[in-house]
Amino acid sequence: MRVSAGTGSIALGRHPCGKTARGGGWALSIMGDEGSGEWVSRHALRHLARWFDGTVPDSLTLQRLRRSLSITEPKQLSDLSTEITDKIERQPQLGKLIDLAAEQGDAWATDLLEKAAEETMALVTDLMQVLELENEIGLPVGIWGSNIVDSRIHRNAFTRMLQEKYPHTKLCLPQKSATEGAVQLALERLQQTP
């Protein structure tokens with residue numbers, strides 16, 4: 001089984017008999033990309049909106065969000081929201097900012113990454129059930145994508161949940177970075193081209 005939580009998220013699995021299934025991979029517009037960088041970024045922007053509403057206290061995360069996005073007033077956040085709605089590529093990538101704030105002790109950021117891990121784990125649970133792998137001994141579960149691999153908090157929370165729910169699985173980390181993997185794949189394809 002392989003779970004990717006980078007910019008987006010998806011889980012793919014295969015039963016030893018050959019049956020395959022996928023979980024997630026749906027667009028954020030329909031509440032997909034669970035636990036991904038996009039998911040974290042949208043929740044961070046919602047948290048900033050709540051601060052402008054006066055319903056949450058200021059924090060390290062919020063200060064960094066305002067500085068990173070150059071947002072000092074609600075209208076600027078509203079304008080960004082409209083841009084994101086019109087062009088999804090305008091979505092700011094805030095995963096690393098949230099991860100750094102969590103590493104520096106921001107409780108909200110830590111909680112968000114724990115929730116991201118729960119969402120990532122839910123993808124695994126869905127596939128375990130669909131493929132009837134709940135009791136498969138030694139099942140490798142590989143993780144991929146910067147939002148889980150590069151985030152100590154997300155990765156550790158996911159690892160803990162996986163071991164608690166499926167102690168018979170084996171967590172596998174990527175041996176190469178995403179860039180190295182993409183380059184290797186491109187080179188292999190070039191060699192196959194006549």
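Inter-residue side-chain proximity for Leu80 and Leu45 is flagged as met; some heavy-atom pair is nearer than 4.5 Å. Under the 4.5 Å side-chain criterion, counting only non-hydrogen atoms from C-beta, Cys172 is not in contact with Ile143. Leu94 is listed as a side-chain neighbour of Leu69, based on a closest heavy-atom distance under 4.5 Å. Between Leu171 and Phe158, the closest side-chain pair of non-hydrogen atoms falls below 4.5 Å. Counting heavy atoms from C-beta outward, Asp106 and Leu62 have side chains that stay 4.5 Å or more apart. Here the side chains of Ile10 and Asp33 are not in contact, with every heavy-atom distance at 4.5 Å or above. Leu131 has its side chain out of reach of Arg14: every pair of non-hydrogen atoms, C-beta onward, lies at least 4.5 Å apart. Residues Arg64 and Leu60 meet the side-chain proximity criterion, which asks for heavy atoms closer than 4.5 Å.
Leu113 and Met121 sit in two unconnected hydrophobic clusters of ILVMFWY residues. Membership requires side-chain heavy atoms under 4.5 Å apart, directly or through other members. Put simply, Leu173 and Leu12 are part of two different groups of oily side chains (I, L, V, M, F, W, Y) that touch within less than 4.5 Å, one to the next. Under the 4.5 Å side-chain contact rule for hydrophobic residues, Leu162 and Trp144 do not share a cluster. By the rule that hydrophobic residues join a cluster once side-chain heavy atoms approach within less than 4.5 Å of another member, Val141 and Leu123 end up as members of separate clusters.
Asp99 has no carboxylate O lying under 4.0 Å from a charged side-chain N of Arg155, or vice versa, which leaves the two without a salt bridge.
Closest approach of Glu134 and Met128 over heavy atoms only: OE1-O, 3.3 Å. Counting all heavy atoms, side chain and backbone alike, Val40 lies closest to Gly95 at CG1-CA, 4.2 Å. Nearest heavy atoms, Thr61 versus Ala109: OG1-CB, 3.4 Å. Summarising the geometry of Ser70 relative to Gln76, their closest heavy-atom pair is O-NE2, 3.7 Å, with the distance given to 0.1 Å.
Between His43 and Trp39, the ring-plane angle classifies as tilted under the 30° and 60° cut-offs.
Within the cation-pi definition used here (under 6.0 Å to the ring centroid, within 45° of the axis), Arg46 does not qualify as a partner of Trp51.
Screening Glu34, Lys115, His154 for a side-chain hydrogen bond (donor to acceptor under 3.5 Å, both in side chains) involving Thr120 leaves a single residue, His154. Checked options Ser146, Ser41, Ser4, Ser9; the residue passing with Ser36 is Ser9 (criterion: side chain to side chain contact (heavy atoms under 4.5 Å, CB included)). The only member of Leu139, Leu133, Val124 that meets side chain to side chain contact (heavy atoms under 4.5 Å, CB included) when paired with Thr169 is Leu139.
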Margin query: Using side chain to side chain contact (heavy atoms under 4.5 Å, CB included), reason through Glu38 and Gln93 one step at a time and then give a plain yes or no.
Written below: CA-CA 7 Å; Glu38 294 279 336; Gln93 302 299 307; 3.1 Å; yes
